[in-house]
There are 2 protein chains.
Amino acid sequence: MMIEDAALRLFAEQGYEATTVEQIAAEVEISTTTFFRYFPSKADVILCHQDANMPQLRAAIIAYPPGESDLTAVEHAIKQVWVPNADPLHSQRAGQAVAASVSLRGLYNEMSRNWLEGIAAALAERRGLREPDETAIITARVALGVFNEAVRAWGSKGYKAGVGTEVDRAFARLRQLSAEWAN
Amino acid sequence: MMIEDAALRLFAEQGYEATTVEQIAAEVEISTTTFFRYFPSKADVILCHQDANMPQLRAAIIAYPPGESDLTAVEHAIKQVWVPNADPLHSQRAGQAVAASVSLRGLYNEMSRNWLEGIAAALAERRGLREPDETAIITARVALGVFNEAVRAWGSKGYKAGVGTEVDRAFARLRQLSAEWAN
DNA sequence: CAATATATTTGCGGTGCCTCCCATTTTATG
DNA sequence: CATAAAATGGGAGGCACCGCAAATATATTG
């Protein structure tokens with residue numbers, strides 16, 4: 001979409017907060033009214049992208065063989081669905097913008113919350129539950145936390161190489177720590 | 001503070017979004033300008049509270065005997081510092097408001113991020129590191145996730161009884177799951 | 001007590017995000 | 001070509017928030 005491209009470019013050039021909706025609209029020669037018809041908010045230009053992966057992610061979790069642990073199911077789903085779809089350039093721009101803007105972080109975390117609920121629900125479904133129990137929720141929270149750390153680490157290395165490596169490392173570290181935590 | 005009381009009351013009565021700063025200011029007979037002198041933003045009326053616990057939390061983590069695991073140190077610090085200071089009424093009002101408002105959730109998560117960094121830094125310091133390594137960050141993420149789940153569970157039970165019980169349960173569940181995850 | 005220095009508070013204008021409504025243009029359809 | 005449907009634009013307005021300069025209260029002196 002043209003609006004998205006122009007917006008991301010302006011954000012990269014002059015920062016997210018410093019870019020007004022009016023500027024973005026002018027760049028694509030539309031009115032601000034039309035802008036808000038396509039994106040519910042300025043922040044959504046950056047973030048609405050991510051939600052697209054949720055259905056596949058859910059499906060991958062549900063379809064994962066029930067013999068394995070919940071955590072493994074989530075890890076596998078992320079590697080199968082999210083990792084291949086991750087675009088370094090877009091991730092970098094979005095990552096920078098999110099890091100620099102409070103309100104963007106707000107929306108980003110809002111999205112994470114949706115993921116949390118989606119993952120927890122998928123885990124529940126995988127085990128034949130109506131709604132997520134404590135185990136599902138905690139697993140989802142931990143998995144998401146580890147995943148976020150992997151993305152952060154990826155970013156701190158300049159978004160080079162694949163995210164897959166970072167995801168692998170983060171989950172491996174979690175499993176290693178788990179041995180310490182288990183009672 | 002009077003402003004805070006009036007604001008929380010209005011939020012509870014008519015919702016967070018539906019309450020304007022002007023109303024709050026009028027209630028305490030000050031101007032909106034003065035309101036923003038005391039609180040950097042409308043959302044901060046609800047959230048600025050929590051940050052007060054951070055220094056003690058950090059101290060408790062650092063002081064915890066190094067023989068125990070990082071996770072235990074965080075768990076103990078939360079139970080020692082946060083749990084006794086938790087006010088059910090305030091938690092309930094704040095919880096409701098946060099659940100109902102996107103922008104409040106934004107600020108709330110922003111706060112969580114500060115906690116994450118604070119806890120990770122404290123864990124690093126406890127082990128004599130300059131800055132947090134992957135282990136510290138992942139532990140902090142997991143611990144915060146579990147803690148948030150405990151607070152959520154507390155809320156879903158009407159903020160009755162102590163949070164302590166919920167915190168205990170959530171961490172116990174994590175340790176149980178850890179046995180499954182360990183490789 | 002009076003005069004002066006110092007905070008604190010206030011009003012006001014302005015910006016930016018975002019919403020609602022209605023008129024107008026464009027596009028698709030028969 | 002006419003008619004319906006969809007996309008667009010403009011304008012008014014609300015709210016959070018900022019910056020500034022005036023006004024008010026408070027404290028400190030002579």
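Quick note on labels: first sequence line is chain A, next is B, and so on, each numbered from 1. All figures in this text were calculated on a predicted structure; none of them were measured in a lab.
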**Request:** Take nucleotides 10-23 of chain D nucleotide by nucleotide from the 5' end and write B, S or -, depending on whether a protein heavy atom sits under 4.0 Å from the base, only from the sugar-phosphate, or from neither.
**Result:** BB---SSB------
**Prompt:** Do any pairs count as a ring pair (Phe, Tyr, Trp, His ring centres under 6.0 Å) and have a residue in residues 124-143 of chain A, sequence neighbours left out, and if so which ones?
**Reply:** none
**Pairs where residues 118-139 of chain B contributes a residue and the test ring pair (Phe, Tyr, Trp, His ring centres under 6.0 Å) is met, not counting sequence neighbours** = none
**Request:** Looking at every strand, decide which applies to B:Q23 at a 4.0 Å heavy-atom threshold: base, sugar-phosphate, or nothing.
**Result:** nothing
**Message:** I need the CD-P distance between B:E29 and D:dT24, as an integer number of Å.
**Reply:** 17 Å
Kindly list each side-chain donor-acceptor pair under 3.5 angstrom involving residues 6-18 of chain A, sequence neighbours excluded, with atom names and distances?
from  : atom 1 : to     : atom 2 : distance (Å)
A:R9  : NH2    : A:E27  : OE2    : 3.4
A:Q14 : NE2    : A:Q23  : OE1    : 3.2
A:Y16 : OH     : A:A43  : N      : 3.2
A:E17 : OE2    : A:S101 : OG     : 3.0

**Request:** Applying side-chain hydrogen bond (donor to acceptor under 3.5 Å, both in side chains), run through B:D87 and B:Y159 and close with a yes or a no.
**Result:** CA-CA 9 Å; B:D87 171 16; B:Y159 299 93; over 6 Å; no
**Request:** Please list, chain by chain and in numerical order, all residues satisfying side-chain hydrogen bond (donor to acceptor under 3.5 Å, both in side chains) with B:Q80, sequence neighbours excluded.
**Result:** B:H76
**Request:** Please list, chain by chain and in numerical order, all residues satisfying ring-ring contact (aromatic ring centres under 6.0 Å, His included) with B:F36, sequence neighbours excluded.
**Result:** none
**Asked** C:dT8 phosphate, OP1 or OP2: any side-chain N/O from B:Y38 under 4.0 angstrom?
**Response** no
**Prompt:** A:Q14 CD to C:dG16 C1': how many Å, rounded?
**Reply:** 14 Å
